[in-house]
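So you know, we letter chains A, B, ... as the sequences are listed, proteins then strands, and number each from 1.
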2 protein chains.
Amino acid sequence: MPKRHLTDPVDLLREHGMQVTVQRLAVLRAVSQRPHLTADDIEKMVRTEIGTVSRQAVYDTLAVLTANGLIRRIQPAHSPARFEDRVDDNHHHVVCRQCGRVADVDCAVGSAPCLEPAHRHGFVIDEAEVMYWGLCPDCQIAR
Amino acid sequence: MPKRHLTDPVDLLREHGMQVTVQRLAVLRAVSQRPHLTADDIEKMVRTEIGTVSRQAVYDTLAVLTANGLIRRIQPAHSPARFEDRVDDNHHHVVCRQCGRVADVDCAVGSAPCLEPAHRHGFVIDEAEVMYWGLCPDCQIAR
DNA sequence: TCGTGTTATTGACACAGTCCAGAATTGGAA
DNA sequence: TTCCAATTCTGGACTGTGTCAATAACACGA
Ligand SMILES: [Mn+2]
Ligand SMILES: [Mn+2]
Ligand SMILES: [Zn+2]
Ligand SMILES: [Zn+2]
């Protein structure tokens, strides 16, 4: 019985009542290796790692991982959805208008800024998502 | 020469160096009559108003109006793009997770909240977009 | 090892939007 | 009023992202 790290992906899946499959492990690895990848990027990474995978398996896995809170999905305008394993820390993102690059941005003020809208129109709000838009260092140079 | 209101759409288009066409005027009217419509909604409204319009004309018009800052395009996840004529006032939106309804939300704090990210990674930021997610009054009732 | 329910594969399909290209129409400057 | 450039139309093909449905393979508890 080999000793496992606390956040061993195998245990992580089991703890959430999910079956352990090579596809799911590879998706999990891809997402944690490089944040903000698209489903397509992830599919490519998984395929190079385990040889073959169906697009549907990637999407299904991403969906179930998202539903169980193991990963997070962000969807900037003009971009396919992106995934990251940095969850439960309420961070935001800055997106380059030119090349689409995404970077993490910590909360601006206090622990939950922008979470208090002025008028909520009777909505019950459970999340405040902040997206910053601008130009990344590279695209500033390229004018 | 009939007297025109200050924000007469005809003048508005001319001021931005755009030709005045019935299609553009109808799109402009639709967008200002009801905010947060989709391109499809707008196409339908324009068609009932001026009889016929091509989808391309609608998309072209929305694009050129957006480029000139006469209207704004917002694109919540899991929704087609939506358009509004409330520009230059830095307001945000709350979206219903169930039915997709969109409502305006004024800035939470001061005039430009959330515009000061903790760490900007060298990005030059020109906009901070806040999207609130939750349930609208109707969908709360429908559980 | 077996059986069952879960997951993966496959291929078609949906949706929102874009692109195309020629012809027709229209706006507005002169 | 004339004329050119800008705009629209027709109408389909096409793209990227994602979903559905049927079948096959697999995971894992018994
Ligand atoms: Mn992130
Ligand atoms: Mn609005
Ligand atoms: Zn960039
Ligand atoms: Zn609703």
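- The CZ atom of A:Arg47 sits 11 Å away from the C1' atom of C:dT9 (whole-angstrom rounding).
- Here B:Val20 lies in heavy-atom contact (under 4.0 Å) with sugar-phosphate atoms only.
- For the pair A:Ile42 CD1 and C:dA8 P, the interatomic distance rounds to 14 Å; values are reported in whole Å.
- Taking atom CG of B:Asn68 as the reference point, atom P of D:dT7 lies 10 Å away to the nearest angstrom.
- Contact between the side-chain N/O atoms of B:Arg24 and the OP1/OP2 oxygens of D:dT8 is found at a separation under 4.0 Å.
- Distance B:Leu65 CG to D:dT7 P: 11 Å, rounded to the nearest Å.
- If you check every strand for non-hydrogen atoms under 4.0 Å, B:Val22 touches nothing.
- Between the side chain of B:Arg24 and the backbone N or O of B:Gln19 there is at least one donor-acceptor pair closer than 3.5 Å.
- Annotation: of the two residues near DNA chain D, B:Ser54 and B:Gln19, the 5′-most nearest-nucleotide partner is B:Gln19.
- At least one side-chain nitrogen or oxygen of A:Gln23 sits closer than 4.0 Å to the OP1 or OP2 atom of C:dA8.
- In this model, the phosphate group of D:dT8 is approached by a side-chain N or O of B:Thr21 to a distance below 4.0 Å at OP1 or OP2.
- Between A:Met18 atom CE and C:dT7 atom C1' the separation is 10 Å, expressed in whole Å.
- Nucleotide C:dT10 holds its C1' atom 13 Å from the CD atom of A:Glu43, rounded to whole Å.
- Put simply, CG on B:Asp60 is 14 Å from C1' on D:dT10, counting in whole angstrom units.
- The aromatic rings of A:His36 and A:His93 stand perpendicular to each other, their planes meeting at an angle above 60°, with 30° marking the opposite boundary.
- B:Arg47 has no carboxylate O lying under 4.0 Å from a charged side-chain N of B:Asp40, or vice versa, which leaves the two without a salt bridge.
- Salt-bridge formation is detected for the pair A:Asp138/A:Arg101: a Lys NZ or Arg NE/NH1/NH2 atom is positioned less than 4.0 Å from an Asp or Glu carboxylate oxygen.
- Comment: A:Glu84 engages A:Arg72 in a salt bridge, judged by a side-chain N to carboxylate O separation of less than 4.0 angstrom.
- Atom CZ of A:Arg34 has 12 or fewer heavy atoms from other residues, nucleotides or ligands within 6.0 Å.
- When the P atom of C:dT25 is taken as reference, atom CD1 of B:Ile50 falls 16 Å away, rounded to whole Å.
- With respect to A:Arg97 and B:Glu127, a salt bridge is recorded, a charged nitrogen being found less than 4.0 Å from a carboxylate O.
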Listed pairs, N/O of protein and of nucleotides 13-19 of chain D, under 3.5 Å:
unit_1	atom_1	unit_2	atom_2	d
D:dG18	OP1	A:Ala81	N	3.1
D:dG18	OP2	A:Tyr59	OH	3.0
D:dG18	N7	A:Arg55	NH1	2.9
D:dG18	O6	A:Arg55	NH1	3.2
D:dG18	O6	A:Arg55	NH2	3.0

